[in-house]
Amino acid sequence: MSTQPHHQTADQGAPAPEMEKAFYGFVASEPKLTYHDGKPRLYFKAGQEHYRYGPDGSRTKLPTTFHDVVAFKGAAIHGGQKLAKLDWFMGLGHDKPNTNPATGVEEVEFIANRFGHDIARMNYEIDTPRRVSQLANQAEQNRSAGFNGPAVEQPSRDRAARTL
């Protein structure tokens with residue numbers, strides 16, 4: 001008799017979810033996309049803010065740390081096209097010990113295989129074919145139903161985008 005609990009699920013036999021380490025921070029240097037023997041490699045320094053939270057709910061900012069981020073193949077190309085200095089991002093991957101050739105100091109670099117902007121801190125639009133089609137269908141339904149939407153007041157002067 002097995003001592004393991006037995007659970008019946010619709011996904012029984014399905015593989016476990018893929019879990020990786022995550023890195024959250026901002027791009028601190030200009031991302032550098034290079035090719036070696038035709039293989040893409042992306043490198044940049046990333047900053048990571050740290051905070052200490054008190055029992056009363058207070059928050060104290062600690063020194064920002066900086067780390068090497070490296071990506072290869074498709075992640076390198078995507079990151080090189082989408083990421084710019086000061087962008088807030090999240091990356092999935094793993095860390096790897098590395099000796100800095102200039103200083104001889106042992107460091108840890110983050111090897112990313114996925115990148116994305118932090119949607120809470122970045123302004124951007126998503127325009128995948130599916131989403132564009134959905135928005136066009138919604139606009140057509142609104143027009144055919146006689147819905148014009150609320151009147152929008154235009155600001156009297158230009159304002160900067162909202163930031164956090």
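Note: hydrogens, waters and symmetry copies are ignored here, and every other heavy atom, side chains too, is used. Since we're looking at a predicted model, the values are computed, not measured. One-based numbering along the sequence shown.
- E49 and F26 make their closest contact through CG-CE2, 4.4 Å (heavy atoms, listed as atom of the first residue, atom of the second, distance).
- F72 and L42 are not part of a single hydrophobic cluster, where members link through side-chain heavy atoms under 4.5 Å apart.
- Residues Y24 and M122 fall within the same hydrophobic cluster, defined by Ile, Leu, Val, Met, Phe, Trp and Tyr side chains chained together at heavy-atom separations under 4.5 Å.
- Residues A112 and A75 come closest through the heavy atom pair O-CB, 3.9 Å.
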Stepwise side chain to side chain contact (heavy atoms under 4.5 Å, CB included) test for D87 and R121:
CA-CA 9 Å; D87 282 358; R121 296 185 114 170; over 6 Å; no

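- Both F110 and L33 are members of a single hydrophobic cluster when ILVMFWY side chains are connected at heavy-atom separations under 4.5 Å.
- The two residues A76 and A71 come nearest to each other via the heavy atoms CB-O, 3.4 Å.
- Each of F66 and V70 belongs to its own hydrophobic cluster when Ile, Leu, Val, Met, Phe, Trp and Tyr are linked at side-chain heavy-atom distances under 4.5 angstrom.
- With values rounded to the nearest 0.5 angstrom, K96 atom NZ is found 5.5 Å from E109 atom CD.
- Environment of NZ in K61: crowded, with over 12 heavy atoms of neighbouring residues, nucleotides or ligands closer than 6.0 Å.
- Distance check: H94 NE2 to N113 CG gives 8.0 Å after rounding to the nearest 0.5 Å.
- Annotation: the span from R114 atom CZ to E18 atom CD amounts to 7.5 Å, rounded to 0.5 Å.
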Can you list the steps and then say if K82 with F115 is a side chain to side chain contact (heavy atoms under 4.5 Å, CB included)?
CA-CA 9 Å; K82 302 290 183 182; F115 284 116; over 6 Å; no

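- Side chain of D37 to main chain of K39: no donor-acceptor pair is present (N/O by atom type, distance under 3.5 Å, no hydrogens or angles).
- Side-chain heavy atoms closer than 4.5 Å link hydrophobic residues (I, L, V, M, F, W, Y) into clusters, and following such links, possibly through other members, connects V69 to I77.
- Contacts of Y43 classified as ring-ring contact (aromatic ring centres under 6.0 Å, His included), with partners at least two apart in sequence or in another chain: none.
- Counting only heavy atoms from C-beta outward, the side chains of D68 and K45 approach each other to under 4.5 Å.
- H78 is linked by a ring-ring contact (aromatic ring centres under 6.0 Å, His included) to nothing, counting only residues two or more places apart in sequence or in another chain.
- Between P31 and K85 the shortest heavy-atom distance is CD-N, 4.0 Å.
- Grouping Ile, Leu, Val, Met, Phe, Trp and Tyr by side-chain contacts under 4.5 Å, direct or through others, puts Y53 with Y51.
- For T103, the side chain to side chain contact (heavy atoms under 4.5 Å, CB included) test picks out N100, V105, with sequence neighbours left out.
- Interatomic distance, M90 CE to D118 CG, rounded to the nearest 0.5 Å: 4.5 Å.
- Two residues are said to be in side-chain contact when any heavy atoms from C-beta on lie closer than 4.5 Å; R41 and H36 fail this criterion.
- For K32, the side chain to side chain contact (heavy atoms under 4.5 Å, CB included) test picks out T34, with sequence neighbours left out.
- Residues satisfying the side chain to side chain contact (heavy atoms under 4.5 Å, CB included) criterion with H50, sequence neighbours excluded, are Q48, L62, T65.
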